[in-house]
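Everything below concerns the one structure shown next.
All residue numbers in this chain count up from 1 along the given sequence. Both counts, for ligands and for their atoms, begin at 1 and track the order of listing. Side-chain atoms are counted along with the backbone in the values below, which use heavy atoms only and exclude waters and symmetry mates.
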Amino acid sequence: MSKQFAVIGNPIEQSRSPELHHAFAEKTGIALQYSKRLAPLDGFQHSVQSFFDQGGSGMNVTVPFKEQAYSMSSVLTERARIAGAVNTLWMENGQLHGDNTDGQGLVYAIQALGWNLDQTDILIIGAGGATRGVIYPLVQAGAKKIVIANRTLSRAEQLIADLKDAVPGAELIACGLDQLNGQFDIVINATSASLSGDALVLPDTLQFQHAYEMAYGKPSSFLNQAKARGVAHSEGFGMLVGQAIESFSIWNGIKPELKDFL
Ligand code: ATR
């Protein structure tokens, strides 16, 4: 029988993970089945347990269960521990292992665009879970300064207090959205503004060479402003593919090439 994988979330219908993993499997010649699992909001742990009890090999975890997956994992990777969230689960030596591949997915996506990360100054807008998951991988990939700008300044400050010891090589700075200015190599929109259709206003005093929107398939005022300025820009589909590639590689020991799936 082929190896069994699944993505678990609530809702789950929208997930593109099965099509991505089946495409990777076809490209790499690995036999697997990858399905969607809807877990009840109060039934995540039970669903995970029964999936692995039935011989499942690995699971991706999506909204709203990434923090529960983190709590449930017996063994965590360094980046999952720092992110405080898990999107990739597997059993090893009878223990549930948890990793977080979202940040590395973003790094792969940025590298596939040909944007340099080494010694860069990066601005991340937003200070929620999406931002928490990407700081450490961005610093590992070479970012030297990261400014975290958030509507609620105290949340950006708290995030930096939580993460600064994990990234001693980089400078982390918090600011409010109303204080946006300066020069950056890359600006990343990690807010949920595009998902809710809200506008983000980037002032002229803010200058940047590249703009990455973590959301995809939605109108984005952030991307529209980048386009109007004529700077290189991308929406977040590459990050989605990138995190899936990293999970696939952990489970199957072979890493598909991101550019083949964009
Ligand atoms: P996620 O886990 O996807 O990061 P989250 O934890 O709900 O989701 O965080 C959403 C982020 O988007 C927050 O940084 C939020 O700002 P606040 O902390 O001030 O709430 C930001 N956000 C959401 N809607 C926004 C908007 N219309 N303008 C600016 N920031 C917005």
Side-chain angles (χ1 to χ4, degrees), residues 7-12 14-17 41 44 60-71 79-88 98-107 109-110 122-138 146-163 166 172-181 184 186-203 205-206 208 211-226 234-240 242-244:
V7 58
I8 182 166
N10 187 333
I12 201 60
Q14 79 294 344
S15 173
R16 297 188 63 177
S17 292
L41 290 174
F44 172 73
N60 282 129
V61 181
T62 189
V63 177
F65 297 127
K66 291 184 189 183
E67 285 79 17
Q68 280 189 58
Y70 169 89
S71 308
R79 61 192 178 187
R81 191 183 59 71
I82 293 166
V86 156
N87 77 334
T88 305
D99 195 358
N100 188 317
T101 67
D102 288 329
Q104 188 58 40
L106 174 65
V107 168
I110 288 175
I122 295 181
L123 170 66
I124 305 181
I125 307 177
T131 300
R132 185 179 290 266
V134 302
I135 304 273
Y136 177 71
L138 285 172
I146 299 181
V147 174
I148 300 171
N150 200 43
R151 184 172 59 182
T152 314
L153 173 61
S154 59
R155 228 178 146 196
E157 290 170 338
Q158 183 60 54
L159 189 58
I160 289 177
D162 293 350
L163 294 183
L172 300 183
I173 299 166
C175 82
L177 268 192
D178 47 356
Q179 303 160 330
L180 279 182
N181 71 75
F184 295 90
I186 303 176
V187 179
I188 298 167
N189 182 17
T191 71
S192 47
S194 304
L195 301 177
S196 51
D198 295 342
L200 272 183
V201 179
L202 307 178
T205 50
L206 175 68
F208 52 91
Y212 198 89
E213 163 70 82
M214 281 196 191
Y216 67 91
K218 299 267 182 187
S220 159
S221 74
F222 170 79
L223 279 185
N224 288 342
Q225 290 165 84
S234 174
E235 64 170 358
F237 186 65
M239 179 175 176
L240 176 81
Q243 62 76 31

Note to self: Assess the residue pair Glu213 and Ser194 against the criterion (side chain to side chain donor-acceptor pair (under 3.5 Å)); give the C-alpha distance rounded to whole Å, side-chain angles, the decisive distance to 0.1 Å, and a yes or no.
What the structure shows: CA-CA 9 Å; Glu213 163 70 82; Ser194 304; 2.7 Å; yes
Between [X] (side chain only) and [Y] (backbone N and O only), is there a donor and an acceptor less than 3.5 Å apart?
X	Y	value
Asn181	Thr205	no
Gln243	Gly103	no
Ser221	Ala199	no
Glu67	Ala85	no

Item checked: Asn87 and Asp102: side chain donor to acceptor below 3.5 Å ->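 The answer is yes; a qualifying pair exists.
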Under a 3.5 Å threshold, I'd like every N/O contact between ligand 1 and protein atoms, with atom names and distance.
unit_1, atom_1, unit_2, atom_2, d
ligand 1, 2 (O), Gly129, N, 3.2
ligand 1, 4 (O), Gly129, N, 3.1
ligand 1, 4 (O), Ala130, N, 3.0
ligand 1, 6 (O), Arg155, NH2, 3.0
ligand 1, 12 (O), Ser192, N, 3.1
ligand 1, 14 (O), Ala127, N, 2.9
ligand 1, 14 (O), Asn150, OD1, 2.6
ligand 1, 16 (O), Asn150, OD1, 3.3
ligand 1, 18 (O), Asn150, ND2, 2.8
ligand 1, 18 (O), Arg155, NH1, 2.9
ligand 1, 19 (O), Arg151, NE, 3.1
ligand 1, 19 (O), Thr152, N, 3.0
ligand 1, 19 (O), Thr152, OG1, 2.5
ligand 1, 20 (O), Arg151, NH2, 2.9
ligand 1, 27 (N), Asp198, OD2, 2.9

